Amino acid sequence: QVQLVESGGGLVQAGGSLRLSCAASGRGFDDYCMGWFRQAPGKEREFVAAISWSDITYYADSVKGRFTISRDNAKSTAYLQMDSLEPDDTAVYYCAAANLRSSIVVLATTPEDYDYWGQGTQVTVSS
């Protein structure tokens, strides 16, 4: 059993920065792929970024070069550093964990691949 809690969301002007945190409890954090997704009103939940247990990263094209995903296994915490924020980044951001220990792949990019989810944190970017 894994529980995830996001924090760090808020209101920021375009061009500003926010750092989201995802604190995990339970077994197996070091072995999980950690991901960030976001969902804007009226839209499907979309992939943002993922990081494997060995720090391999992958980003959606829409955030590449602006967002940075990282993890601190000693603190059982994943992070999403968001720079150069745009109004289109406004959404509820969700942290997720995927158990890929028995999988060929080490990164997951679809919601169906993830086993655990946080409650979400609101990010609003004003123009």
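Below, each value reflects all heavy atoms present in this structure, side chains not excepted, and no hydrogens, waters or symmetry copies. Bear in mind that the values here come from a model prediction, so they are computed numbers and not experimental data.
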Query raised in the report: Are Glu86 and Val125 close enough, and set up right, to give a side-chain contact (heavy atoms from CB on, under 4.5 Å), and what steps lead you there?
Result: CA-CA 6 Å; Glu86 305 168 354; Val125 184; 5.5 Å; no
Requested in this report: Run the numbers on Met82 and Arg66 for side-chain contact (heavy atoms from CB on, under 4.5 Å), then give the verdict.
Outcome: CA-CA 6 Å; Met82 304 185 294; Arg66 300 188 297 120; over 6 Å; no
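Relative ring orientation between Tyr116 and Tyr32 is described as parallel, the plane-to-plane angle staying below 30° on a 0-90° scale split at 30° and 60°. Classification of the Trp117-Tyr94 ring pair by plane angle, with boundaries at 30° and 60°, yields perpendicular.
When all heavy atoms are compared, the tightest approach of Arg38 to Ser62 is NH2-OG, 3.5 Å. Between Pro87 and Ser127, the closest heavy-atom pair is CG-CB, 3.9 Å. Annotation for Asp30 and Trp53: closest pair O-CB, 3.0 Å, computed over non-hydrogen atoms.
Screening Thr109, Asp89, Ile69, Leu80 against Val48 for a side-chain contact (heavy atoms from CB on, under 4.5 Å) leaves a single residue, Leu80.
Partners of Ser84 according to the side chain to side chain donor-acceptor pair (under 3.5 Å) rule, which considers only residues two or more places apart in sequence or in another chain, do not exist here. Every residue was checked against the side chain to side chain donor-acceptor pair (under 3.5 Å) condition with Asp88, not counting sequence neighbours, and none meets it.
Checked by atom type and distance alone, the side chain of Asp113 never pairs as donor or acceptor with a backbone atom of Ala108 at under 3.5 Å. In this structure a side-chain-to-backbone donor-acceptor pair under 3.5 Å is present from Arg71 to Ser52.
Atom CH2 of residue Trp36 and atom CZ of residue Phe47 lie 12.5 Å apart, to the nearest 0.5 angstrom. With values rounded to the nearest 0.5 angstrom, Tyr114 atom OH is found 3.5 Å from Cys33 atom SG. In this structure, CZ in Phe29 is found 8.0 Å from CG in Asp72, a value given to the nearest 0.5 Å.
By the criterion of side-chain heavy atoms lying less than 4.5 angstrom apart, applied directly or through intervening Ile, Leu, Val, Met, Phe, Trp or Tyr residues, Tyr59 is grouped together with Tyr93 in one hydrophobic cluster. Residues Met34 and Val106 do not share a hydrophobic cluster, defined by chaining ILVMFWY side chains whose heavy atoms lie under 4.5 Å apart.
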Under 3.5 Å, which donor-acceptor pairs link side chains of residues 2-22 to any protein atom two or more places apart or in another chain?
from: Glu6; atom 1: OE1; to: Gln119; atom 2: N; distance (Å): 2.9
from: Glu6; atom 1: OE1; to: Gln119; atom 2: NE2; distance (Å): 3.4
from: Glu6; atom 1: OE1; to: Gly120; atom 2: N; distance (Å): 2.8
from: Glu6; atom 1: OE2; to: Cys95; atom 2: N; distance (Å): 2.7
from: Glu6; atom 1: OE2; to: Gly120; atom 2: N; distance (Å): 3.2
from: Ser17; atom 1: OG; to: Asp83; atom 2: OD1; distance (Å): 2.8

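More than 12 heavy atoms of other residues, nucleotides or ligands sit less than 6.0 Å from atom NZ of Lys64.
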